[in-house]
Undergrad: 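I'd like to ask you about the structure that follows.
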Protein chains: 2
Amino acid sequence: MDAERPFAGEPEDSREAIMRATFVALQQHGYAGLSIQRIADEADLSKSTFYHHFDDKEDLLLSFAQFMLDQFLTVVTLEAEDDPRQTLEALMDIVLAEEFPSVEAETPAEAGEWDILGAYVEVRAQAVQNVEFRAAFTEMDRMLFTQISALIRRGIDRGSFRDVDPDAVAAMVLTVLAGHMFGAATSDENRVNALRTELGHYLQTRVFRPE
Amino acid sequence: MDAERPFAGEPEDSREAIMRATFVALQQHGYAGLSIQRIADEADLSKSTFYHHFDDKEDLLLSFAQFMLDQFLTVVTLEAEDDPRQTLEALMDIVLAEEFPSVEAETPAEAGEWDILGAYVEVRAQAVQNVEFRAAFTEMDRMLFTQISALIRRGIDRGSFRDVDPDAVAAMVLTVLAGHMFGAATSDENRVNALRTELGHYLQTRVFRPE
């Protein structure tokens, strides 16, 4: 699977085919219209193959959310290798892109570029009511936060970052990215350029040491 | 209605009773379980009274979202009067509170303090799929953004703020607040203290002039 273009190319196995089909079904029918039959149809698999991999729709969506996070972390890691500053900038560039990575030919014509965001926001919003989703997103948040905080600490240790509080800076950066995702998926107001400028200014003056 | 405590005291009219009932029904049943019958029951009104005020559930939820925004702006305005710095700090204090304002006695026992956030996030997430919700939230975002940008410009004109780009700073502040709302409503990870410290630091070094 090509990390730069999630869902590009042929799926490698039925599990990945189900992930792709979930994504397409979310785009086409939204969370409310998502059914295992539709996902099985889209993946060209039987419902019994589906149930071989997942207990139910909830189990699938939790795996799907984890899959999206893994994809995201893979892209960030690939782009940045082990330079803390580059990694932070890659993270920003991916989330604050003017056009968000989209699925390729499989994308239905009516689907816009923000559909990955939309799928993420719709699935995550279930965590308001559903305790299992809430536990899963809490765990994912914790994992991402720990990684970004450790990254900032590496930057400080190497002398390329100022002596900031890694947790506070990680909270700030991740909250900005989450806010942009939530806003961009639910509104046509586009303030991404202003936001990128301002977050860049914050990182320059608060976090990065002059090179 | 008491702006400091949304939904506190007796509702003034059947429209407000419906708003309160919508809030309670969202807390108890979530977006998926929301029905006009449940709202009418909770408000102790007939369905025909409901339809006197609203065309359908969608119409109601759009009014509900607008109602939440109005409440929010009222509280901010009341707390800050016309001092741009105080207004910006009040906005931060309200959204980045450790405990979010909750409804009082009517709150069901199982409902936590973050329910207003949860209701907002669940309703707003509908805008991923629903074009009318999307248009409504786009308009609300624009209104809020215009007000905050104008507020920052007033701060600059009076010499209490540095010579920043008002749009970029407004985008940054509102995105942080949106990100916190989305995260807090869908995860138990609590980074609000670190976030408040860091956003405060950003405002001190980037926006406010030393007093």
Undergrad: Parallel, tilted or perpendicular: which one describes the rings of A:Tyr202 and B:Tyr202, with boundaries at 30° and 60°?
TA: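 Aromatic pair A:Tyr202/B:Tyr202 classed perpendicular.
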
Undergrad: Taking atom CG as the centre, does A:Asp157 end up with more than 12 heavy-atom neighbours from other residues, nucleotides or ligands that are less than 6.0 angstrom away?
TA: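 Atom CG in A:Asp157 is crowded, with more than 12 foreign heavy atoms closer than 6.0 Å.
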
Undergrad: From B:Arg142 CZ over to A:Arg191 CZ, what is the distance, rounded to the nearest 0.5 angstrom?
TA: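 If I round to the nearest 0.5 Å, the distance is 9.5 Å.
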
Undergrad: Using a cut-off of under 4.5 Å for heavy-atom pairs, which of B:Ala178, B:Ala168, B:Gly183, B:Ala136 has the most such pairs with chain A?
TA: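 Heavy-atom pair counts peak at B:Ala168.
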
Undergrad: Could you tell me which non-hydrogen atom of B:Ala125 sits nearest to which non-hydrogen atom of A:Val121, and how far apart they are?
TA: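 Heavy atoms only, the tightest pair is CB-CG1, 4.4 Å.
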
Undergrad: Which atoms of A:Arg206 come close to chain B, meaning under 4.5 Å heavy atom to heavy atom: side chain ones, backbone ones, both, or neither?
TA: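 Contact with chain B involves the side chain of A:Arg206 alone.
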
Undergrad: What's the shortest heavy-atom distance between A:Phe137 and B:Ser187, and which atoms?
TA: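 Heavy atoms only, the tightest pair is O-OG, 4.3 Å.
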
Undergrad: Would you compute the distance between atom OG1 of B:Thr138 and atom CG of A:Asn190 and round it to the nearest 0.5 angstrom?
TA: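 Atom-to-atom, B:Thr138:OG1 and A:Asn190:CG are 10.5 Å apart.
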
Undergrad: Where does A:Leu26 contact chain B at under 4.5 Å (heavy atoms): side chain, backbone, both or neither?
TA: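 For A:Leu26, backbone heavy atoms alone lie under 4.5 Å from chain B.
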
Undergrad: Examine whether an atom of A:Thr175 lies under 4.5 Å from a heavy atom of chain B, and if so say whether it belongs to the side chain, the backbone or both; otherwise answer neither.
TA: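 Contact with chain B involves both backbone and side-chain atoms of A:Thr175.
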
Undergrad: Contact part of A:Val164 toward chain B, heavy-atom cut-off under 4.5 Å: side chain, backbone, both or neither?
TA: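 Neither part.
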
Undergrad: Got a sec: does the CG of B:Asp56 have more than 12 other heavy atoms crowding it under 6.0 Å?
TA: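 Yes, because the 6.0 Å sphere around CG of B:Asp56 holds more than 12 heavy atoms from other groups.
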
Undergrad: Around B:Arg85, counting heavy atoms of other residues, nucleotides and ligands shown, do more than 12 lie under 6.0 Å from its CZ?
TA: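 Yes.
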
Undergrad: What's the shortest heavy-atom distance between A:Leu195 and B:Ala171, and which atoms?
TA: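 Taking A:Leu195 first and B:Ala171 second, the nearest heavy atoms are CD1-O, 3.8 Å.
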
Undergrad: So which of B:Met140, B:Gln129, B:Gln126, B:Arg124 has the biggest tally of heavy-atom pairs under 4.5 Å with chain A?
TA: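 Counting heavy-atom pairs under 4.5 Å, the top option is B:Arg124.
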
Undergrad: Could you measure the distance from the CG atom of A:Asp167 to the OG1 atom of B:Thr197? Nearest 0.5 Å is fine.
TA: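 The OG1 atom of B:Thr197 is 11.0 Å from CG of A:Asp167, to the nearest 0.5 Å.
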
Undergrad: Rounded to the nearest 0.5 Å, how far does CD of A:Glu189 lie from CD of B:Glu139?
TA: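 The CD atom of A:Glu189 is 8.5 Å from CD of B:Glu139, to the nearest 0.5 Å.
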
Undergrad: If every non-hydrogen atom of A:Arg134 is compared with every non-hydrogen atom of B:Ala185, which pair is closest and at what distance?
TA: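 Here A:Arg134 and B:Ala185 meet closest at NH1-O, 2.9 Å.
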
